[in-house]
Amino acid sequence: MPKTINELRIWKHSHGTHQTVPMLDGQRERLIQDRVLTLHRDTARRQGKRFRSEMEPGDFFYLCHGNDVQLFGQIKSNLKNPRTTWVERGYKVIRFRLGKLSRFDRHRKAWAPSGNTTCWRVPIKDLQPFGREILKPFFGLSLNDLLKISRVKSRSSNVLPFIEEIEEGPPWLKTPQPYNSRQKSAQVDNGHAEFSRIYDPDKLATRVSAHQKCLNRFAHLFPQQRKYKSDFDLLVVNKAKVLLVEVKTIRNDSLGQLRLALGQVLYYEQLSVRIHYPRFEVSRLVVTDAKPPYYLVSFLEKYHIGLVWLPFRGKVGTSLLGKRVLKAFGARMC
């Protein structure tokens, strides 16, 4: 147990990005949900060895994905499966990143998010700069807070900077992944797709296939653009602007589906897209696999959300705003 600030042991740990560590694509969010740090055992500059032999239960760390800070935590396990290629340690979350600030661009020291390292301990001489530049602005914590956390023995303490381990991370921590048209929707043992946090008929097995096919048909309208997925269905990136897309299938329930789409689009825009693309112009679009009633098209346009319908058979159509948005992003049908 550290008795002074200089005895604190704090690490920077990075799970990389899809460019730097492509083998973790699709796993980064799952690792956060499972509260697991992982590292290739032979990572250069003795980082793999330090992770295996020098990191200890009780040490603090912050996790980043490339230069995007994610959370601050405390190691709680010894090395898991020490003979495997990708070794792991369990942890508990102390605090998720606060708000919109995610990137660090002040310098490229080894312990900084922008440093060219994967697992690096903050030197004693840099603990104070670390507190000012990382701990306080990203997590609202001080080095003295960490000393108090280290001394907490029970819940009776009045020191409460912890988040319960079971708490789900905020949506801005979910990094958009490259869109893959061949990806299949996840299924669970009861024959239904994984449920999102809110009820959505498109997550039921009977409609998952139709949803994915409609999404794929729409994504193919942008062959030259970068496309990403996350909680939202699709994000199309074109220079300094992005197009946020929510796809819905209609089965005599257009009112419920488009009402749900409105809430999802507004939610994803504010708590996910604008976090990752703060300086980009955001356009919003709902795509359906059948033509919705006219009053619902007008309803969405009042909230500056365009609409495109792509029936499997039949005429493709757009609202006025939907057509302008497609043209602005160079859709193949325009």
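None of the values given here were measured: they were computed from a predicted structure.
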* Asked: Can you list every pair that meets side chain to side chain donor-acceptor pair (under 3.5 Å) and has a residue in residues 50-60, with sequence neighbours left out?
  -> Arg9-Asp59, Trp11-Asp59
* Asked: Do Glu301 and Ser319 meet the criterion of a side-chain donor-acceptor pair at a distance under 3.5 Å?
  -> yes
* To do: If the plane angle is over 60° it's perpendicular, under 30° parallel, otherwise tilted; pick one for Phe139 and Tyr62.
  => tilted
* Check whether any side-chain heavy atom of Leu307 lies under 4.5 Å from a side-chain heavy atom of Pro292, and answer yes or no. => yes
* Asked: Shortest non-hydrogen contact from Pro82 to Val87?
  -> O-CG1, 3.8 Å
* Asked: With sequence neighbours excluded, what pairs up with Arg28 under the salt bridge (Lys or Arg N to Asp or Glu O under 4.0 Å) test?
  -> Asp25
* Should Thr38 and Gln27 count as side-chain neighbours, where that means a heavy-atom distance under 4.5 Å? -> no
* Compute both the distance and the angle, then confirm whether Arg97 meets the cation-pi test with Phe72: under 6.0 Å from the six-membered ring centre, within 45 degrees of the axis. => no
* For Leu98 against Gly140, the heavy-atom pair lying closest together -> CD1-N, 3.5 Å
* Is there a donor-acceptor pair closer than 3.5 Å between any side-chain N or O of Ser77 and the backbone N or O of Gly90? -> yes
* Please examine the side chains of Ile75 and Leu37, heavy atoms only from C-beta on, and report whether any two atoms are closer than 4.5 Å. => yes
* Asked: Hey, does the side chain of Glu7 reach the backbone of Lys3 with a donor-acceptor pair shorter than 3.5 angstrom?
  -> yes
* To the nearest 0.5 Å, how far apart are CD1 in Ile275 and CD in Glu269? -> 11.0 Å
* Value rounded to 0.5 Å, distance of CG in Leu300 from CG in Leu285 -> 9.5 Å
Can you give each donor-acceptor pair under 3.5 Å made by side-chain atoms of residues 238-247, sequence neighbours left out, with the distance rounded to 0.1 Å?
from	atom 1	to	atom 2	distance (Å)
Lys241	NZ	Ala328	O	2.8
Glu246	OE2	Lys248	NZ	3.4

* To do: Output, in order, the C-alpha distance, side-chain angles, deciding distance and verdict of side-chain contact (heavy atoms from CB on, under 4.5 Å) for Ile32 and Tyr91.
  => CA-CA 10 Å; Ile32 289 178; Tyr91 66 87; 4.3 Å; yes
* Asked: Among all residues two or more places apart in sequence or in another chain, which pass the ring pair (Phe, Tyr, Trp, His ring centres under 6.0 Å) test with Phe232?
  -> none
* **Side chain Gln74, main chain Gly58, donor-acceptor under 3.5 Å** => yes
* Between CG on residue Asp68 and OG1 on residue Thr17, distance to nearest 0.5 Å -> 9.0 Å
* Same apolar cluster (I L V M F W Y, side chains within < 4.5 Å links), Tyr228/Val21 -> no
* **Closest approach of Leu146 to Phe60 (non-hydrogen atoms, all atoms of both residues)** => O-CZ, 3.5 Å
* Within the distance-only criterion (no hydrogens, no angle test), does the side chain of Gln47 pair as donor or acceptor with the backbone N or O of Ala44 below 3.5 angstrom? -> yes
* Measure the CZ-CD distance between Phe329 and Gln224 for me, rounded to the nearest 0.5 Å. => 15.5 Å
* To do: Identify the two heavy atoms, one from Leu39 and one from Gly48, that lie closest to each other, and give their separation to 0.1 Å.
  => CD2-CA, 3.7 Å
* Asked: For Asn252, does the CG atom sit with more than 12 other heavy atoms under 6.0 Å from it, leaving out its own atoms?
  -> no
* Report yes or no: does Asp145 contribute a side-chain atom to a donor-acceptor pair with the main-chain N or O of Ser142 at less than 3.5 Å? => yes
* Asked: Side-chain contact, heavy-atom cut-off 4.5 Å: Val297 with Trp309?
  -> yes
* List the steps, then state whether side-chain contact (heavy atoms from CB on, under 4.5 Å) holds for Leu235 with Tyr268. => CA-CA 11 Å; Leu235 193 72; Tyr268 296 144; over 6 Å; no
* Calculate, to the nearest 0.5 Å, the distance between atoms CZ and CG belonging to Arg217 and Asp289 respectively. => 7.0 Å
* Please determine, by modelled atom types, if Asp233 and His211 share a side-chain donor-acceptor pair under 3.5 angstrom. => yes
* Relative to each other, are the rings of His13 and Phe51 parallel, tilted or perpendicular (30° and 60° limits)? -> tilted
* Can you name the salt bridge (Lys or Arg N to Asp or Glu O under 4.0 Å) partners of Asp253, sequence neighbours left out? -> Arg207
* Considering all heavy atoms, the nearest Leu141-Arg95 contact -> CD2-NH1, 3.7 Å
* Side chain proximity check, Arg259 to Leu262, heavy atoms < 4.5 angstrom -> no
* Asked: Can you name the nearest heavy-atom pair linking Val69 to Cys64, along with the distance?
  -> CA-CB, 4.0 Å
* **Distance-only donor-acceptor check, side chains Gln33 and Arg30, under 3.5 Å** => yes
* Answer yes or no: are there more than 12 heavy-atom neighbours, outside Lys227 itself, under 6.0 Å from its atom NZ? => yes
* Consider only side-chain heavy atoms of I, L, V, M, F, W and Y, link residues closer than 4.5 Å, and tell whether Trp86 and Met55 are in one cluster. => no
* Asked: Roughly how far, to the nearest 0.5 Å, is OH of Tyr303 from CG of Leu266?
  -> 8.0 Å
* So if you build clusters from Ile, Leu, Val, Met, Phe, Trp, Tyr with side-chain heavy-atom gaps below 4.5 Å, do Leu296 and Leu320 land together? -> no
* Asked: Hey, is CG on Asp34 packed in by over 12 heavy atoms from elsewhere, all under 6.0 Å?
  -> yes
* Asked: Looking only at atom types and distance, does a side-chain atom of Lys12 sit under 3.5 Å from a main-chain N or O of Gly115, one as donor and one as acceptor?
  -> yes
* **Pro113 side chain near Ser14 side chain, heavy-atom distance below 4.5 Å** => no
* Do side-chain atoms of Thr117 reach the backbone of Trp120 as a donor and acceptor pair under 3.5 angstrom? -> no
* Checking side chain to side chain donor-acceptor pair (under 3.5 Å) for the pair Asp202/Thr249: CA distance, chi angles, key distance, verdict? -> CA-CA 7 Å; Asp202 282 334; Thr249 63; 2.3 Å; yes
* Report yes or no: does Asn216 contribute a side-chain atom to a donor-acceptor pair with the main-chain N or O of Ser181 at less than 3.5 Å? => yes
* Heavy-atom distance under 4.5 Å between the side chains of Leu143 and Ile10, does that happen here? -> yes
* Do Ile250 and Leu310 share a hydrophobic cluster (ILVMFWY, side-chain heavy atoms under 4.5 Å, transitive)? -> no
* Asked: Taking the side chain as C-beta and beyond, is there a heavy-atom pair between Gln264 and Leu260 under 4.5 Å?
  -> yes
* **Leu63-Leu31 co-clustered via ILVMFWY side chain contacts under 4.5 Å** => no
* Should the heavy atoms of other residues, nucleotides or ligands under 6.0 Å from NE2 of His304 be counted, would the total exceed 12? -> no
* To do: Report the C-alpha distance between Val287 and Cys214 in whole Å, list the side-chain angles of each, state the deciding distance to 0.1 Å, and finish with yes or no for side-chain contact (heavy atoms from CB on, under 4.5 Å).
  => CA-CA 8 Å; Val287 178; Cys214 185; 3.9 Å; yes
* Structure fact -> For residues 104-114, the side chain to side chain donor-acceptor pair (under 3.5 Å) pairs (sequence neighbours left out) are Asn67-Asp105, His107-Glu133, Trp111-Asp126
* Crowding at NZ, Lys80 (>12 non-hydrogen neighbours, <6.0 Å) -> yes
* To do: Apply side-chain contact (heavy atoms from CB on, under 4.5 Å) to Arg35 and Leu71, showing your working.
  => CA-CA 11 Å; Arg35 308 300 196 251; Leu71 59 87; over 6 Å; no
